[in-house]
Amino acid sequence: MLEKENLRNITLIGFSTTGKSKVAQKVAGYLGWGFIDTDDEIVRLSGKSIPEIFEQDGEDKFRKLERSVLEEACRQEKVIIATGGGVILNPQNRELLVQSSTVVCLEAQVETIYQRLLQDTLYSDSPVVRPLLTGDNPLDQIRNIKSSRQPYYAIADWVVSTDNLTIDEVCQEVIRGWHYTNRSHMNKDTEDTDIACVVETASRQYPVYVGWGLLDKLGDKMRQMGLSGKAIVISDQSVFSVYGTRSTQSLGGSGFEVKCCTVPAGEATKNIKEAINIYDFLVENHVERNDVIVAFPVSAADPCNRKSLTLGLPPF
Ligand code: S3P
């Protein structure tokens, strides 16, 4: 259950100019996930711009394309999907999103949307033309279309008001929402009885595992949490001689690319030179933010403390 739920995609819905595409792209980068923009996909598959589709083929044709592109996007795993503002008009799309995604709605006030549209059309080198917002009175148009869609945007699991936030701040809010809305999958109701508790901070949460023999399940547990890529084991040499083989076998067996960085045992190692050596090791091995650091504290070598295992997880 934990594994399946953790793989729910994140889909951004919301009115034009709320930042769905930019935010989705950045969040995908932070999480090391894929990114799909349904409007871009429609343009790519049809070979036409969105205004051309509306003009030559009509809105119905656009909505059909949007439907099939969304279906394909929702079939993928670990992707952030940015949708067009009208995707929620189709009840089947709403059903699909609720079933397959953590849905985050990016909100903005009508005036904010209007100002952003003006900037997009008047001051941008590559203005985006929104066929539904090209009338004589865009402010009224935005107000009317937005209020008619508001009940559908309400399918969202999490809402972010973007009016006073930068793109990066919106990204943080999306990730925070994703953690909050998924935390029920990481609590004691899950079938994972090895989870002793879930630690929650303002922006994230993580499980603490306690149990005998867990080291051999290390790779599996990390996979279940949605982690992948490189696993960097950092340890002092004497701890590594006790736990190195079991941990690296477990990680390797679960598909992680394992790299080990050991430092001499003892207090004398706690200095800036050793810290720099570790950073150099990470750089030489091209470790990215979505890779995982597995750190064995010195106490791990103490038989009285042998359940103690620290996992260094990615920043989000
Ligand atoms: C639409 C919004 C547009 C685009 C199309 C229709 C809508 O996307 O999908 O012009 O119905 O609101 P953005 O939300 O990215 O502007």
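Bear in mind that the values here come from a model prediction, so they are computed numbers and not experimental data. Both ligands and their constituent atoms are indexed starting at 1 by order of listing.
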Counting each atom of ligand 1 from 1 as listed, which ones have a heavy atom of [X] under 4.0 Å away?
X	result
Arg149	7 (C), 11 (O), 12 (O)
Gly86	7 (C), 11 (O), 12 (O)
Ser16	2 (C), 13 (P), 14 (O), 16 (O)
Gly84	8 (O), 9 (O), 14 (O)

(message) Is the positively charged end of Arg223 above the ring of Phe256, judged by distance under 6.0 angstrom from the centroid and angle within 45° of the axis?
(response)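 Yes, a cation-pi geometry holds between Arg223 and Phe256.
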- Think Arg289 forms a cation-pi with Tyr30, using NZ or CZ under 6.0 Å from the six-ring centre and within 45 degrees of its axis?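 No; the conditions do not both hold, so Arg289 does not lie above the ring face of Tyr30.
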(message) Would you compute the distance between atom OG of Ser241 and atom CG of Asp236 and round it to the nearest 0.5 angstrom?
(response)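 Rounded to the nearest 0.5 Å, the OG-CG separation comes to 8.5 Å.
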Practice problem: Supply the atom-to-atom distance Ile113 CD1 to Thr162 OG1, rounded to the nearest 0.5 angstrom. | Solution: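 That separation rounds to 7.5 Å.
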How far is [atom] from the closest protein heavy atom, and which atom is that?
atom	result
atom 5 (C) of ligand 1	Phe62 CZ, 3.8 Å
atom 2 (C) of ligand 1	Gly85 N, 3.4 Å
atom 10 (O) of ligand 1	Pro131 CD, 3.4 Å

Q) Given Val87, Asp39, Ile113, Asp40, which has its nearest heavy atom closest to atom 9 (O) of ligand 1? A)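 It is Asp39 whose heavy atom sits nearest to atom 9 (O) of ligand 1.
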**OP:** From the options Arg63, Glu59, Lys20, Arg130, select the one whose nearest heavy atom is closest to atom 11 (O) of ligand 1.
**Re:**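 It is Arg63 that holds the nearest heavy atom.
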Exercise. Parallel, tilted or perpendicular: which fits the ring planes of Phe62 and Phe54, with parallel below 30° and perpendicular above 60°?
Worked result: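 Phe62 vs Phe54 ring planes: tilted.
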> N/O of Phe15 under 3.5 Å from N/O of ligand 1, yes or no?
Replying inline: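 The answer is no, given that Phe15 and ligand 1 share no N or O pair closer than 3.5 Å.
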Under 6.0 Å from the CD atom of Glu55, do we count more than 12 heavy atoms belonging to anything else shown?
->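 No.
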> Does Gln109 reach the side chain of Tyr114, with side-chain heavy atoms less than 4.5 Å apart?
Replying inline: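 Not in contact.
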